[in-house]
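Written below as structure tokens is the structure these notes are about.
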Protein chains: 2
Amino acid sequence: MSIPLYQAKAEFFKTLGHPARIRILELLSERDHAVHELLAEIAIEPSSLSQQLAVLRRTSMVVSRRDSGQVVYSVSVPEVRDLLAAARLILSGIVAAQGDLEDELSPMSAVH
Amino acid sequence: MSIPLYQAKAEFFKTLGHPARIRILELLSERDHAVHELLAEIAIEPSSLSQQLAVLRRTSMVVSRRDSGQVVYSVSVPEVRDLLAAARLILSGIVAAQGDLEDELSPMSAVH
DNA sequence: ACACGACTTGCACAGTTCTTCAAGTCATGT
DNA sequence: ACATGACTTGAAGAACTGTGCAAGTCGTGT
């Protein structure tokens, strides 16, 4: 049952490898959100949101609790904020180095 | 004309979401390596290694140069090291919370 | 010019992940 | 007890990713 570390890391990053899941984590790292609040911010089917939340729950990155008829999610590991920040840093470095990728990346950027 | 940032982030993390690519980045963040050196450390087919290197090249996370008959790779963004460290931190947090995966995480965790 | 080692690329097959629809659960208000 | 709003789950097909083999390129030494 020995899962090598690099394997665990890969799984971990894979969990972050989806736009909706990134959005969720960013919103949750600001403050806790009920599912319907997330739904209002992220343009996606309820069932799809639920699927992505399930992925994040499975990897223990978020936890949910019931609160007066709603389900409220929160990040279980506060360091997630640091990680997203580190990613932002690297990303801006890469973008700056490439200089001109921004234009190609714009389709559908209206949303955010 | 801004990139949907969460989309770019997701792509970025997706790039990290593969055991071989994690290994590669860890090795390269120690020092530059020629392909055949990577091959000696990572147990995969040459063509598979090459494919994964291509993925990392495409996302500008590594660069390659030819050097006396060999191809040498290096990380192009030094902050990658920080990112891997941040991931390690979160991972150990999650693991500690879950309790019993720790043993598996020790092989080679001395350095990384 | 030729062979060889060091890599990379193309490709087909297999496995994995996403998306959506339909159905199901659960707690609250009437 | 029933309806409703708030979510979750199951499942099927589409889309994407990874793997290994065969073939190809590139540079160096003979």
Side-chain angles (χ1 to χ4, degrees), chain A residues 3-4 6-25 27-28 32-76 105 107-108 111, chain B residues 4 6-25 27-28 32-74 76:
Chain A
I3 299 164
Y6 57 85
Q7 175 89 46
K9 274 185 201 165
E11 299 279 315
F12 173 76
F13 284 123
K14 223 183 279 177
T15 302
L16 298 173
H18 188 288
R21 293 195 293 261
I22 291 288
R23 292 284 274 131
I24 293 169
L25 287 175
L27 290 167
L28 293 186
D32 296 1
H33 283 71
V35 175
H36 70 267
E37 292 177 315
L38 293 173
L39 209 41
E41 300 275 346
I42 309 174
I44 163 183
E45 293 275 309
S47 76
S48 196
L49 174 59
S50 211
Q51 300 276 14
Q52 304 314 327
L53 286 170
V55 172
L56 293 172
R57 248 182 298 138
R58 247 178 263 132
T59 55
S60 305
M61 299 193 66
V62 306
V63 292
S64 65
R65 64 175 186 280
R66 221 164 232 293
D67 181 17
S68 55
Q70 309 177 144
V71 178
V72 177
Y73 279 83
S74 39
V75 297
S76 54
L105 290 171
M108 86 160 284
V111 190
Chain B
Y6 57 86
Q7 174 92 45
K9 274 185 203 164
E11 300 279 315
F12 173 77
F13 284 123
K14 224 184 278 178
T15 302
L16 297 173
H18 188 288
R21 294 196 291 262
I22 290 288
R23 293 282 274 130
I24 293 168
L25 288 175
L27 290 167
L28 292 185
D32 294 1
H33 282 70
V35 175
H36 68 267
E37 292 177 313
L38 294 172
L39 209 42
E41 300 273 348
I42 310 174
I44 62 179
E45 292 277 311
S47 76
S48 196
L49 175 58
S50 210
Q51 299 278 12
Q52 303 315 326
L53 286 170
V55 173
L56 292 172
R57 248 183 296 134
R58 246 177 264 132
T59 55
S60 304
M61 299 193 65
V62 307
V63 293
S64 64
R65 64 176 185 280
R66 224 167 230 293
D67 182 16
S68 55
Q70 309 177 143
V71 178
V72 177
Y73 278 82
S74 39
S76 54

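Every chain is numbered from 1 and lettered A, B, ... according to where its sequence line falls, protein lines coming before strand lines. Fair warning: this is a prediction, and the values are worked out from it, not measured in the lab.
Per the geometry, CG belonging to Leu38(A) stands 12 Å off C1' belonging to dC7(D), to the nearest Å. Atoms CD (Gln51(A)) and P (dA12(D)) sit 14 Å apart, rounded to a whole Å. Atoms CD1 (Ile22(A)) and C1' (dC18(C)) sit 16 Å apart, rounded to a whole Å. Summarising the geometry, the separation between CZ on Arg66(A) and C1' on dT28(C) is reported as 10 Å, rounded to the nearest angstrom. If you take CD of Gln70(B) and C1' of dT28(D), they are 12 Å apart, rounded to a whole angstrom. If you measure from atom CZ of Arg65(B) to atom P of dG27(D), you get 16 Å, rounded to the nearest angstrom. We find that CG of Leu39(A) is positioned 10 Å from C1' of dC7(D), with the value rounded to whole Å. Atoms NE2 (His18(B)) and P (dC16(D)) sit 18 Å apart, rounded to a whole Å.
Proximity of Tyr73(A) to the phosphate of dA6(D): no side-chain N or O atom is located under 4.0 Å from OP1 or OP2. Proximity of His36(A) to the phosphate of dG5(D): no side-chain N or O atom is located under 4.0 Å from OP1 or OP2. Contact check, Arg21(B) against dT17(D): no side-chain N or O comes under 4.0 Å of OP1 or OP2.
Looking at Val55(A) and His18(A), their side chains never come closer than 4.5 Å, going by heavy atoms from C-beta outward. Counting heavy atoms from C-beta outward, Arg21(A) and Leu56(A) have side chains that approach closer than 4.5 Å. Under the 4.5 Å side-chain criterion, counting only non-hydrogen atoms from C-beta, Arg58(B) is not in contact with Thr15(B). The shortest side-chain heavy-atom distance between Ser74(A) and Leu28(A) does not fall under the 4.5 Å cut-off.
Mapped onto DNA chain C by nearest heavy atom, Ser68(A) and Gln52(A) fall at different nucleotides, with Gln52(A) at the one closer to the 5' end.
In the region residues 43-50 of chain B, proximity to DNA chain D at under 4.0 angstrom, judged on heavy atoms, holds for Glu45(B), Ser47(B), Ser48(B). Of the residues in residues 9-17 of chain B, none lies under 4.0 Å from DNA chain C by heavy-atom distance.
Remark: Leu49(A) CG to Arg23(A) CZ distance equals 11.5 Å, nearest 0.5 Å.
Residues Ile44(A) and Leu39(A) come closest through the heavy atom pair O-CD1, 3.4 Å. The two residues Pro19(B) and Ala10(A) have their closest heavy-atom pair at N-CB, 3.4 Å. Across Val63(A) and Ser76(A), no two heavy atoms sit closer than the pair CG1-CB, 3.9 Å. In terms of heavy-atom proximity, Arg57(B) sits nearest to Ser64(B) at CD-OG, 4.1 Å.
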